[in-house]
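Remarks on the structure that follows.
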Amino acid sequence: MRRVSRIAALYRAVDGAAAAEVPQHRMSTAAQFSTSSNKSSAKSNWLFNNLLTDLSARTAAHAVAGTMLFSVAATTLTEEVHAKEAVPPELRPKDLVLYQYEACPFCNKVKAFLDYYDLPYKIIEVNPISKKELKWSDYKKVPVVLVDGEQMVNSSDIIDKLYEKVRSGDSTFDADEESKWRKWVDDHLVHMLSPNIYRNTSEALESFDYITSHGNFSFTERITAKYAGAAAMYFVSKKLKKKYNITDERASLYEAAETWVDALKGRDFLGGSKPNLADLAVYGVLRPIRYLKSGRDMVENTRIGDWYSRMESEVGVSARIQA
């Protein structure tokens, strides 16, 4: 959508430039006419020449516009194709299934990794009440991933194991720095989310509207979960604030966002010119809240927005396929 908007904006700009060219030709031709004879034949010639000049100017300008649009579109598409990290075909899993809750930050952390490395995966949305989709497994938390029949659990462990499977060479990233910030995501950042998205009744309802509309619920469960769940999580969030020593939810979220931006030290990503696993972890955890009120406030009141936009571009479209 952003790509289409940029191309459309360019078209309007170039089209405007094309239109602007025409009056200049008209003024030039009109000046020539003002010094010529007032005979009707001269007037006819002027009208004919003016029409040809007008048509020629528009045709030329739109030809330039078309060339520019093609060039920009091709460049944009090429950049998007190369934004993702390529995995050699022989290293790609043949069958990858993710059992998840759509709004779960840990599930989204795994999806950010899969999307960035363009590893096609199927999704099984787990009903959080019955969990019948996981009846085959002794492990009842999400995410659960099946990779060519092998079960993997725990988001960070899943990513570690998949990374070992798909990487074709040694990592060029600072392993200690990457590990430090991945741990920060699991031990700190993720705990900032619930107190913020359930901060008050209106935000709790907004959050559960998103959760129930994207989750695996029956109609009755959806209605019940939205209102009962929002009320319950509103009170749970107060306990979480106390557990993690949070006095001001938004201030803590903003502080975490600024802490991450400071960690970048002016780089586009923690990994330098390309995201590393820590970048993907932060992005994945924040992705479910980005367009909720808490996420909008975070972007408006901290410096994290530019990095987040770069990550959106790098991760690109989902690699999800139909189950």
Side-chain angles (χ1 to χ4, degrees), residues 2 6 75-76 79-87 105-106 108-118 155-160 162-164 166-197 244-292 294-317:
R2 292 193 305 275
R6 289 199 297 270
T75 301
T76 305
E79 287 174 352
E80 180 163 307
V81 168
H82 290 290
K84 293 199 174 196
E85 197 69 17
V87 174
F106 297 108
N108 275 275
K109 196 170 73 169
V110 173
K111 285 193 290 186
F113 174 88
L114 298 176
D115 291 340
Y116 179 64
Y117 283 94
D118 201 21
S155 61
S156 293
D157 290 343
I158 291 168
I159 291 169
D160 286 341
L162 284 172
Y163 186 61
E164 286 299 317
V166 304
R167 68 175 181 173
S168 56
D170 293 333
S171 172
T172 58
F173 302 129
D174 183 329
D176 290 338
E177 182 183 46
E178 183 182 63
S179 178
K180 169 189 171 182
W181 289 102
R182 288 181 69 193
K183 188 173 187 304
W184 174 81
V185 171
D186 292 342
D187 293 346
H188 180 75
L189 179 61
V190 73
H191 300 306
M192 300 299 106
L193 304 188
S194 290
N196 273 278
I197 65 176
Y244 296 110
N245 298 315
I246 299 171
T247 54
D248 184 319
E249 304 94 328
R250 281 296 195 269
S252 296
L253 180 62
Y254 298 165
E255 182 182 2
E258 291 291 346
T259 297
W260 173 248
V261 175
D262 287 341
L264 300 178
K265 299 176 182 176
R267 296 168 290 183
D268 284 348
F269 307 101
L270 193 77
S273 61
K274 287 285 186 181
N276 64 11
L277 297 182
D279 286 291
L280 292 170
V282 176
Y283 174 72
V285 163
L286 293 179
R287 189 154 62 169
I289 76 162
R290 168 61 184 92
Y291 296 101
L292 298 177
S294 53
R296 296 194 302 270
D297 287 350
M298 175 187 68
V299 169
E300 289 172 5
N301 291 280
T302 72
R303 297 170 293 155
I304 203 168
D306 288 344
W307 169 84
Y308 192 94
S309 294
R310 289 193 295 271
M311 285 298 300
E312 278 188 316
S313 178
E314 287 288 322
V315 171
V317 298

Subject >> Minimum-distance pair of heavy atoms, taken over all atoms of Glu314 and Lys274 >> reply: OE1-NZ, 3.3 Å
Subject >> Nearest atoms (heavy-atom pairs only) where Pro105 meets Pro288 >> reply: CA-CG, 4.2 Å
Within the side chain of [X], is there an N or O that forms a donor-acceptor pair under 3.5 Å with the backbone of [Y]?
{"X": "Arg182", "Y": "Ala278", "answer": "no"}
{"X": "Glu178", "Y": "Gly271", "answer": "no"}
{"X": "Asp279", "Y": "Asn276", "answer": "yes"}
{"X": "Glu85", "Y": "Tyr117", "answer": "no"}
{"X": "Arg303", "Y": "Val299", "answer": "no"}
{"X": "Ser179", "Y": "Ala175", "answer": "no"}
{"X": "Asn108", "Y": "Val285", "answer": "no"}

**OP:** Have a look at Trp181 and tell me which of Thr259, Asp176, Leu189 forms a side-chain contact (heavy atoms from CB on, under 4.5 Å) with it.
**Re:**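 Of the listed options, the one satisfying the test is Thr259.
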Subject >> Donor-acceptor pair between Asp268 and Trp307 side chains, under 3.5 angstrom >> reply: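 No, no side-chain donor-acceptor pair sits under 3.5 Å.
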**OP:** Answer yes if the side chains of Lys109 and Ser156 hold a donor-acceptor pair under 3.5 Å, and no otherwise.
**Re:** yes
**OP:** Identify whether the distance between the nearest side-chain nitrogen and carboxylate oxygen of Asp187 and Lys183 falls below 4.0 Å.
**Re:** yes
**OP:** Could you go through the salt bridge (charged side-chain N to carboxylate O under 4.0 Å, His left out) check for Arg267 and Glu177 one step at a time?
**Re:** CA-CA 14 Å; Arg267 296 168 290 183; Glu177 182 183 46; 2.9 Å; yes
**OP:** Kindly confirm or rule out a cation-pi arrangement of Arg290 over Tyr308, judged by NZ or CZ under 6.0 Å from the six-membered ring centre and within 45° of its axis?
**Re:**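 Positive - Arg290 is close enough to the ring of Tyr308 and near enough to its axis.
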